[in-house]
Amino acid sequence: MTAFVIRRLLQAMVVLFVTSVIVFTGVYAIGDPLEILLPADATMAERAQVARSLGLDQPLIVQYGRFLMNALSGNLGTSFVYNRPSISIILDRLPATLELAFSALVLAIIIGIPLGLWSGLRRGSAVDETIMTGSILGFSLPNFWQGMMLIMIFSVYLGWLPSTGRGQTGTILGIETSFATWDGIRHLILPAINLSLAKISLVIRLTRTGVQETMPLDFIKFARARGLSSRRIVTVHVLKNILIPIITVIGVEFGSLIAFAVVTETIFSWPGVGKLIIDSIKVLDRPVVVAYILVVVTMFITINLIVDILYSILDPRIRSKAP
Amino acid sequence: MTMDATNSTETILEVSDLQTHFFTPAGVVKSVDGVSLTLKRGEILGLVGESGSGKSITGFSILGLVDPPGRNVGGSILFRGEELLGASEERLRSLRGNRIAMIFQDPMMTLNPVLSIKTHMIETVLAHESVSRSEALARSIDALRMVGISQPEKRIESYPHEFSGGMRQRVAIAIALLHKPDLIIADEPTTALDVTIQSQILSEMQKLCRELGLGLIWISHDLGVVAGLADRIAVMYAGRIVEQGTVDEVLDTPRHPYTAGLIGSAPAANSRGSRLTQIRGAAPHPLNRPEGCAFRTRCDYATDICRQEPPETRGSNTQSWRCFHPLATSNLETLP
Ligand SMILES: Nc1ncnc2c1ncn2[C@@H]1O[C@H](COP(=O)(O)OP(=O)(O)OP(=O)(O)O)[C@@H](O)[C@H]1O
Ligand code: SF4
Ligand SMILES: [Mg+2]
């Protein structure tokens, strides 16, 4: 297991290095931040001075070299716009996004798995058809449109829930979170649902397919022949088998929930990294963009590692093969 | 279990005219079409027939485990005098794995790969009795020891993939024995195993069955296996039992041409009747079985009357058959 983790960490370093090169070059190619940062009537002297202070007067390779040296000591550059370390700007905003993504994930699991089980066990019934139609809508209607509809119905028409911002936060166990206050929770509900709808649909489908593949297997029939209750057969024998693919997909999806929270954060003015990154791309705030992507990649890698570990806990066949 | 009810002649199972049909879009498959059989305590019945003859579905019908589009459409299953057809699902559940156990063909598939042997066994104990987990564990370990698994305390922690096929089948047998059932239905449990292990398991099962006084239905397509193991043989063809009797009766004096054909194609065939050494043709498609005697398209003795349903004929002993032109009981009589 240790060797496995070390190997994965080394791989992670390589991935991060390659990503940083690509992103750095990519952002460099998009445009010159000076155009945006300086007022239109700035003199050549002012221009040169700002360029020098930001290090933009150097060739790309030198700029990257500097960035890399700094990055190795934990400094991912200073935002051109906020004039603060880019990593700390991101870390300020990250909890809001994580909270949103986490809530969406929990919704996807606690709604998706039971509905998927229900639908899979009653294949072809009215319940199954209804759930499946719903999940097709969850998949295919555009995320922003779903968000607009949620706001229209629950904020504008019914007036039940707020539609913008994060509301009041409090601290639980030293973490600043919306879960600490009722106002915070109210603000979280709509964006979390918006972000989770497609994932709920995905989990429903995965679960349903898993149930249909597992139920006809001999070991289920043997479990019935041993006189186990249907409840135990479904919640232990079926679920434990289908949890393996579900966990894998959910792990990958958690990364994408964070990365693609952008749309939801924009619709609901949620002060997370998604909104930050959109703003930063607009003004070509390179250090923030690069730092953001590196943070997201790091999270992807970490999540994958956790998924692999969970995998081996769930599946004894993999566990005994682990080095 | 209490031994007071263990009257050695107690009839534990009495199946009469069992009908289990599958209602498929292509038509009705009469998988089990009028099966009758009885089983006494301590007795081993070999249920023999070729693939698709309805052996497994007969077993599943007894346990009430036939899934749609299959359904029981008639007959009676008396288990220790209690009618199982139409019994509540809860009643059937309480019998399954408890009073009636089943062992499946493929030991690689019958255990849940993500659960340990211990989980399988303890949950089976707890499904029928409210005992402590430690007591359930102790009983599970005893059962493993009984089927010849060494170091059961340690091996019970293993997962199915850590066992060989033969060992897994022993585990399945141990699970079947957990509640000392009255009846075990073993559906070709040794077919997937190699020959040495097969014969070990056969003799162990025979011994356990005698010692524990349980009834055993051993399903097989191999007459040779059943000949060495069973007390009685029932030969199944196209959803019906075409002949049954004691092992000696059926093997020495087969009355039904199909049984004779099976013996002819078994390795220890007697040399009589070269016409019978193998059965010509293939089993009819289940949706397209001939009316009357389903065997008539392959039978050398078929005549017009065989288009009608052959009734069950009883011999002077315990043998019975369904054939209009039964074979004679001795070689001499068959000579013209
Ligand atoms: N789910 C099903 N749908 C339709 N027909 C079925 C179904 N299950 C079984 N049958 C039919 O029932 C008949 C008997 O099947 P069964 O499994 O009892 O045969 P078997 O004697 O056990 O054969 P084998 O030696 O191959 O196990 C077969 O003809 C099969 O086509
Ligand atoms: S009833 Fe007729 S067809 Fe059927 S086995 Fe007997 S002789 Fe053959
Ligand atoms: Mg079978």
Side-chain angles (χ1 to χ4, degrees), chain A residues 113 117 119-128 206-207 210-248 250 307-322, chain B residues 56 59-60 62-68 89-117 119-129 157-162 168 171-172 175-176 178-179 181 184-187 189 192:
Chain A
I113 291 184
L117 283 176
S119 152
L121 292 171
R122 304 231 189 304
R123 191 166 71 176
S125 67
V127 168
D128 179 32
L206 280 172
T207 311
V211 170
Q212 284 170 5
E213 282 169 2
T214 312
M215 284 309 281
L217 296 181
D218 263 11
F219 68 77
I220 296 295
K221 195 128 189 177
F222 187 56
R224 292 165 66 202
R226 288 186 282 137
L228 303 189
S229 64
S230 351
R231 188 193 180 83
R232 181 161 178 99
I233 291 175
V234 171
T235 57
V236 177
H237 287 258
V238 176
L239 203 55
K240 205 157 178 215
N241 267 276
I242 61 181
L243 228 41
I244 295 168
I246 293 178
I247 292 274
T248 316
I250 284 177
V307 168
D308 283 341
I309 293 171
L310 279 181
Y311 215 89
S312 69
I313 292 174
L314 283 173
D315 193 338
R317 288 162 295 188
I318 295 176
R319 202 183 316 156
S320 62
K321 267 183 233 135
Chain B
S56 299
F60 286 130
I62 295 170
L63 281 165
L65 279 182
V66 177
D67 292 317
E89 176 53 31
E90 183 47 34
R91 176 63 187 147
L92 288 171
R93 191 201 64 73
S94 74
L95 289 174
R96 290 199 280 258
N98 183 7
R99 309 315 326 139
I100 309 177
M102 185 150 178
I103 305 167
F104 288 37
Q105 173 166 353
D106 187 353
M108 296 303 178
M109 302 297 296
T110 47
L111 299 172
N112 189 333
V114 302
L115 299 178
S116 67
I117 305 299
T119 307
H120 281 93
M121 299 193 80
I122 290 183
E123 70 181 0
T124 312
V125 175
L126 297 181
H128 302 289
E129 272 172 68
E157 306 282 346
S158 312
Y159 284 84
H161 71 275
E162 296 170 278
R168 285 191 217 188
V171 171
I175 290 175
L178 277 173
H179 293 279
I184 293 185
I185 300 168
D187 190 356

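Each chain gets a letter, A, B and so on, in the order its sequence line appears, and its residues count up from 1.
In this structure a side-chain-to-backbone donor-acceptor pair under 3.5 Å is missing from A/R226 to B/E123.
By the 4.5 Å heavy-atom criterion applied to side chains, A/V236 and B/N112 are not counted as neighbours. Between A/K221 and B/F60, the closest side-chain pair of non-hydrogen atoms falls below 4.5 Å. In this structure, A/F219 and B/L115 have side chains that are not in contact, with every pair of non-hydrogen atoms separated by 4.5 Å or more.
One finds the CG atom of A/D218 at 10.5 Å from the CG atom of B/L111 (value rounded to the nearest 0.5 Å). To the nearest 0.5 Å, atoms CZ (A/R224) and CG (B/D67) are separated by 4.0 Å.
Interface residue B/I175: only side-chain heavy atoms are found under 4.5 Å from chain A.
For the set B/P113, B/G64, B/S116, the count of heavy-atom pairs under 4.5 angstrom toward chain A peaks at B/P113.
Among all heavy-atom pairs drawn from B/L63 and A/A225, the shortest one is CD1-CB, 4.3 Å. Minimum heavy-atom separation, B/A127 to A/L228: CB-CD2, 3.8 Å.
Under a cut-off of 6.0 angstrom, the local environment of CZ in A/R232 is crowded, with over 12 non-hydrogen atoms contributed by other residues, nucleotides or ligands.
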